[in-house]
Structure formats: structure tokens, C-alpha cells
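Take a look at the structure below.
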Amino acid sequence: MLFARPGAGKSTQAALLAKRLGVPHLSTGAVLRDEVASGSALGQLIAPVLERGDLVADELVVPVVAQRLGAAAAAGGYVLDGFPRNLAQDNALGAQFPDAVQPQAAVLLDVPAEECRRRLLARAASEGRSDDTPQTIDHRLALFDTDLVPVIERYERRGLLVRVDGDADRHVVTERIIDRLDTP
Ligand code: ADP
């Protein structure tokens, strides 16, 4: 699993890693945005939440991830991008998901908040993602500190955390992650 501030390049690295490792890439953000685009009942429910940069309710996200993670693990493994996002989701992962899908490593892609904000504002201009507005960006960066840092500290205590400096060319960062996973 990959942990990072929004804008740190988490999805980019997850995609590159999944390709290198030959396993599926599971991005909860992409799954949720696909739901919105499909116009499904779930999509209509969560569209305003995504727009505000808030977290979608745990009881909606956990079943979606459980189903896809099971399928991915059966295919030989996964790179998980965007889950767990808070301690409650991590508790659900530990309690409700079978041993076969428990993570082997947690990579923290470390990029300073200021650099993340700069990248997200640049992306807003080029891609137009609806949650890339200045206010929403600050809110999402704050959620990293309040909700995700406790999860990261938990994986550190478990000895599963691999901290990688993500402030470099994307292919250099992928090599750093692969190296660290080979020799933790
Ligand atoms: P970013 O890393 O830029 O926040 P993501 O694609 O990971 O981008 O997430 C985009 C949005 O999707 C989040 O702001 C949140 O609304 C929602 N989301 C993604 N993963 C989760 C999750 N595990 N729990 C709740 N909401 C989530």
C-alpha cells in the first residue's frame, strides 16, 4: 500500500509499481470517480463529497475495497492506492479482510506539503479535476495530517513502513521504492 499527501504522485507511482510487479493497481480515488462518472446511485451520493475534498463515508468505501482487494489478491497481489485513509478504515482492513489480502509493505511517499500544493495547482490548470481548487487542496492536505498520519504511525510501529523521498523524477522515485522493497 502507498501513503502520500495529495499531489505527491501516489497514483503515478502506484501505476508504475503495479506494472513493474505485474499485479493490479487498485486506486480508491479512481474507483470513486468512476462511480460518479457512471451516474449510479452511489455516484450521485458521493459526488458532492469528492467535490469538497472530504473523505467518503467508511461504510461506503470499505465494501467496495473489500470486493476488489479479494479479486486482486486472488490474481497474485496488488498495489493499493488511497486506502486505508483513516484509523477506522485500517481497523476494518485488519478485522474484516482475510489474512491472504493483508499488506506486506506500506510505502510512505514523502513530499513536502508546499511542493504538493504547487503540483496540485499546476494540475488544476491542466487537467481540471473538480477537487483541485485552492481551498479544497488545503483541506485535503490537512486531512493527511489529521486522518492519515495516525495510520502511518501504526504501520511504522508494526515495522511495515518504508519511507521514500518522493521529490524527484518519477522514474527515479519508482527505482527508489523497488530498491527499498527488495532490501527493507
Ligand atoms: P488525492 O490523493 O489527490 O486525495 P485520490 O484519488 O486518492 O486523490 O482521492 C480523491 C478523493 O477520493 C478523496 O479526496 C476522497 O474524497 C475520496 N477517497 C479516496 N480514497 C478514499 C478512502 N479510502 N476513503 C474515503 N474517501 C476516499
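We're numbering straight along the sequence, starting at 1. Keep in mind that what you see is a predicted model, and the values were worked out from it rather than measured. Start at 1 and go down the list; that is how both ligands and their atoms are numbered.
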For Ser27 versus His25, what's the shortest heavy-atom pair and its separation?
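Scanning both residues, the minimum pair turns out to be CB-NE2, 3.7 Å.
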Share the residues that join Leu121 in a hydrophobic cluster, the rule being Ile, Leu, Val, Met, Phe, Trp or Tyr side chains under 4.5 Å apart at the heavy-atom level.
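In the cluster with Leu121 are Leu120, Ile137, Leu141.
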side-chain hydrogen bond (donor to acceptor under 3.5 Å, both in side chains) evaluation trace for Ser11 with Asp81
CA-CA 6 Å; Ser11 293; Asp81 161 11; 2.9 Å; yes
Run the side-chain hydrogen bond (donor to acceptor under 3.5 Å, both in side chains) test against Glu153 and tell me which residues pass, sequence neighbours left out.
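None.
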Between Phe3 and Tyr155, is the gap from one ring center to the other below 6.0 Å?
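Centroid separation for Phe3 and Tyr155: below 6.0 Å.
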According to side-chain hydrogen bond (donor to acceptor under 3.5 Å, both in side chains), does anything in residues 139-149 pair up with another residue at least two apart or in another chain? List the pairs.
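side-chain hydrogen bond (donor to acceptor under 3.5 Å, both in side chains) check on residues 139-149 returns Asp54-His139, Asp132-Arg140.
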Can you list every pair where an N/O of ligand 1 is under 3.5 Å from an N/O on the protein?
from: ligand 1; atom 1: 2 (O); to: Lys10; atom 2: NZ; distance (Å): 3.4
from: ligand 1; atom 1: 3 (O); to: Arg129; atom 2: NH2; distance (Å): 3.3
from: ligand 1; atom 1: 3 (O); to: Arg140; atom 2: NH2; distance (Å): 2.7
from: ligand 1; atom 1: 4 (O); to: Arg85; atom 2: NH2; distance (Å): 2.9
from: ligand 1; atom 1: 6 (O); to: Arg33; atom 2: NH1; distance (Å): 3.0
from: ligand 1; atom 1: 6 (O); to: Arg33; atom 2: NH2; distance (Å): 3.3
from: ligand 1; atom 1: 7 (O); to: Lys10; atom 2: NZ; distance (Å): 2.9
from: ligand 1; atom 1: 7 (O); to: Arg85; atom 2: NH1; distance (Å): 3.2
from: ligand 1; atom 1: 7 (O); to: Arg85; atom 2: NH2; distance (Å): 3.4
from: ligand 1; atom 1: 8 (O); to: Arg129; atom 2: NH2; distance (Å): 3.2
from: ligand 1; atom 1: 9 (O); to: Arg85; atom 2: NH2; distance (Å): 3.3
from: ligand 1; atom 1: 16 (O); to: Asp54; atom 2: O; distance (Å): 2.5
from: ligand 1; atom 1: 20 (N); to: Thr28; atom 2: OG1; distance (Å): 2.7
from: ligand 1; atom 1: 20 (N); to: Gly82; atom 2: O; distance (Å): 3.3
from: ligand 1; atom 1: 20 (N); to: Arg85; atom 2: NH1; distance (Å): 3.4
from: ligand 1; atom 1: 23 (N); to: Gly82; atom 2: O; distance (Å): 2.8
from: ligand 1; atom 1: 23 (N); to: Gln89; atom 2: OE1; distance (Å): 3.0
from: ligand 1; atom 1: 24 (N); to: Gln89; atom 2: NE2; distance (Å): 2.8
from: ligand 1; atom 1: 26 (N); to: Val56; atom 2: N; distance (Å): 3.0

